[in-house]
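Heads up, the thing below is written out as structure tokens.
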Amino acid sequence: MKQIVVPIDFSDNSNNALQYAKTLFSSEICTFYLLNVYISNPSNLLSKEYNDSILTEMSQESEKNLKILLNKTNKENDNNHHNFEIVSRANTLVNAINHMLNTKKIDFITMGAKGTKGMFLGSNTVKVINGVENCPLLVVPQSYIPKKPSLIAFSTNFKRTFVRDELNPLIDIALSNHSKINIARIMIEEYLNDYQKVNKETLKVLFKDLDYIFCKIDVETSETNALKEFATQTESDLIALVHHKHNFFQKLMEEDVVDKITFNSPLPLLILPELKLKETAK
């Protein structure tokens with residue numbers, strides 16, 4: 001059984017992320033945790049009683065709206081394998097998710113990508129990417145119409161070794177949805193070095209039960225644009241990558257706002273967490 005956290009702020013954006021998760025895992029036995037967080041910053045100018053009353057009011061509002069959403073979701077649900085639970089927390093989103101990871105066996109986080117001024121990744125999404133470890137994250141664009149992925153673009157530069165535990169979430173999604181995988185090699189260099197060749201052979205072993213092909217992407221302007229164009233041209237339905245210091249996604253997280261705007265992905269992202277390895281990339 002899979003356990004999936006879906007952060008909810010009662011917007012169309014978070015509702016679309018929930019619909020995508022239901023679609024992606026339609027063949028799986030799942031419990032979806034609908035998580036709403038709220039924070040009241042106590043004011044020193046107001047009495048403790050008044051601050052407490054504000055917090056109580058926010059708690060009641062969160063619980064009420066979650067129950068309305070749960071009732072609606074259960075009425076619309078036609079999948080006997082899916083169960084839904086609500087969670088309301090007076091906390092930050094990152095802290096609330098990390099608490100759930102520590103208390104439950106969470107397999108995926110699925111959240112909407114609510115960016116501003118043309119940006120794909122909103123501030124909450126970036127905080128979760130940087131503040132939550134060891135859990136795969138699915139990021140769903142607000143305008144994306146949920147559907148099962150028939151083709152997944154997996155981005156890599158082969159600069160670090162692959163391990164099964166790291167790739168298992170991607171493998172599970174591909175198998176359960178009968179998805180093909182295009183392994184997109186995004187590199188400035190023309191050829192793989194010996195270390196990268198070993199990593200490529202390792203990936204072949206790990207993907208032995210999947211339908212996949214290797215593709216080389218020429219980088220003309222930037223790695224982010226190259227991946228976007230590749231995913232669009234191949235009519236991919238999902239982009240997957242490992243979030244580690246040797247790939248372009250980490251660079252993207254460190255770039256300024258102008259560069260981040262260029263990665264306005266029209267597709268959902270599957271961000272796989274990096275597992276700490278004894279061997280360092282070369």
Side-chain angles (χ1 to χ4, degrees), residues 1-25 30-79 81-116 119-144 146 268 271:
M1 183 183 79
K2 285 190 168 44
Q3 301 196 89
I4 301 160
V5 173
V6 184
I8 295 293
D9 62 3
F10 311 109
S11 66
D12 291 341
N13 188 51
S14 64
N15 183 64
N16 193 53
L18 173 59
Q19 299 305 318
Y20 180 77
K22 290 163 55 179
T23 301
L24 186 66
F25 300 107
C30 297
T31 295
F32 297 91
Y33 295 98
L34 312 184
L35 170 66
N36 177 246
V37 299
Y38 58 94
I39 289 186
S40 174
N41 295 317
S43 173
N44 295 326
L45 301 178
L46 303 174
S47 67
K48 180 180 183 301
E49 291 77 11
Y50 188 79
N51 282 319
D52 288 346
S53 69
I54 293 176
L55 188 62
T56 299
E57 183 178 332
M58 294 175 71
S59 173
Q60 292 173 345
E61 185 74 9
S62 173
E63 290 279 358
K64 182 187 76 171
N65 288 331
L66 279 173
K67 288 177 181 177
I68 292 172
L69 176 62
L70 179 63
N71 184 52
K72 178 176 181 292
T73 302
N74 281 328
K75 282 184 177 180
E76 294 175 348
N77 181 45
D78 57 1
N79 191 328
H81 296 314
H82 287 177
N83 179 57
F84 304 90
E85 297 185 18
I86 57 175
V87 181
S88 178
R89 291 286 181 269
N91 211 331
T92 66
L93 180 59
V94 169
N95 287 344
I97 290 175
N98 280 326
H99 177 75
M100 295 193 70
L101 294 182
N102 291 330
T103 56
K104 300 180 184 294
K105 188 181 180 303
I106 301 300
D107 297 287
F108 289 90
I109 304 160
T110 304
M111 64 186 300
K114 192 176 183 180
T116 58
M119 291 177 64
F120 170 52
L121 300 175
S123 59
N124 280 335
T125 312
V126 173
K127 288 177 183 177
V128 171
I129 291 171
N130 290 327
V132 176
E133 296 183 350
N134 301 322
C135 188
L137 172 65
L138 284 155
V139 183
V140 186
Q142 185 169 359
S143 60
Y144 187 77
I271 304 171

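Positions are given from 1, in the same order as the sequence printed here.
When each of Tyr20, Phe108, Phe32 is paired with Phe25, the ring pair (Phe, Tyr, Trp, His ring centres under 6.0 Å) condition holds for Phe108 and for no other.
No side-chain donor from either of Asn36 and Ser88 sits under 3.5 Å from a side-chain acceptor of the other.
Side-chain contact between Glu85 and Leu34: absent, with no pair of heavy atoms (C-beta onward) separated by less than 4.5 Å. With contacts defined as side-chain heavy-atom distances shorter than 4.5 Å, the pair Met111/Thr125 qualifies. Between Thr110 and Leu18, every side-chain heavy-atom pair lies at or beyond the 4.5 Å cut-off. Annotation: side chain of Lys67 is in contact with side chain of Ile86 (closest heavy-atom distance under 4.5 Å).
For Glu57, the CD atom sits in a loose shell: 12 or fewer heavy atoms of surrounding residues, nucleotides or ligands are nearer than 6.0 Å.
Residues that satisfy the side-chain contact (heavy atoms from CB on, under 4.5 Å) test with Asn74, not counting sequence neighbours, are Leu70, Phe84. Residues that satisfy the side chain to side chain donor-acceptor pair (under 3.5 Å) test with Lys72, not counting sequence neighbours, are Glu76. Gln60 pairs by the side-chain contact (heavy atoms from CB on, under 4.5 Å) definition with Thr56, not counting sequence neighbours. In this structure, Tyr33 has no ring pair (Phe, Tyr, Trp, His ring centres under 6.0 Å) partners at least two apart in sequence or on a different chain. Considering only residues two or more places apart in sequence or on other chains, Asp12 meets the side-chain contact (heavy atoms from CB on, under 4.5 Å) condition with none of them. For Leu101, the side-chain contact (heavy atoms from CB on, under 4.5 Å) partners at least two apart in sequence or on another chain are Ile97, Asn98, Ile106, Val132, Cys135.
Checking side-chain atoms of Ser59 against main-chain N and O of Leu55 turns up no donor-acceptor pair under 3.5 Å. The main-chain N or O of Glu61 is found under 3.5 Å from a side-chain atom of Asn65 such that the two form a donor-acceptor pair. Between the side chain of Asn16 and the main chain of Tyr144, a donor-acceptor pair closer than 3.5 Å is present.
The line from CD1 of Ile109 to CG of Leu138 is 9.5 Å long, rounded to the nearest 0.5 Å. Between atom CG of residue Asn124 and atom CD1 of residue Ile129 there is a gap of 11.0 Å, rounded to the nearest 0.5 Å. In this structure, CG in Asn95 is found 11.0 Å from NZ in Lys127, a value given to the nearest 0.5 Å. To the nearest 0.5 Å, atoms OG1 (Thr73) and NZ (Lys75) are separated by 11.5 Å. A distance of 6.0 Å separates NZ in Lys22 from CG in Asn77, rounded to the nearest 0.5 Å. Distance CD1/Ile8 to CG/Leu69: 5.5 Å, rounded to 0.5 Å.
Taking every heavy atom of both residues into account, Asp107 and Lys2 meet most closely at OD2-CA, 3.2 Å. Across every non-hydrogen atom of Ser14 and Pro7, the tightest pair is CB-O, 3.6 Å. In this structure, Val5 and Leu35 approach most closely via the heavy-atom pair CG1-CD2, 4.0 Å.
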What do the steps show when you test Asn13 against Ser11 for side chain to side chain donor-acceptor pair (under 3.5 Å), and what is the final call?
CA-CA 5 Å; Asn13 188 51; Ser11 66; 4.8 Å; no
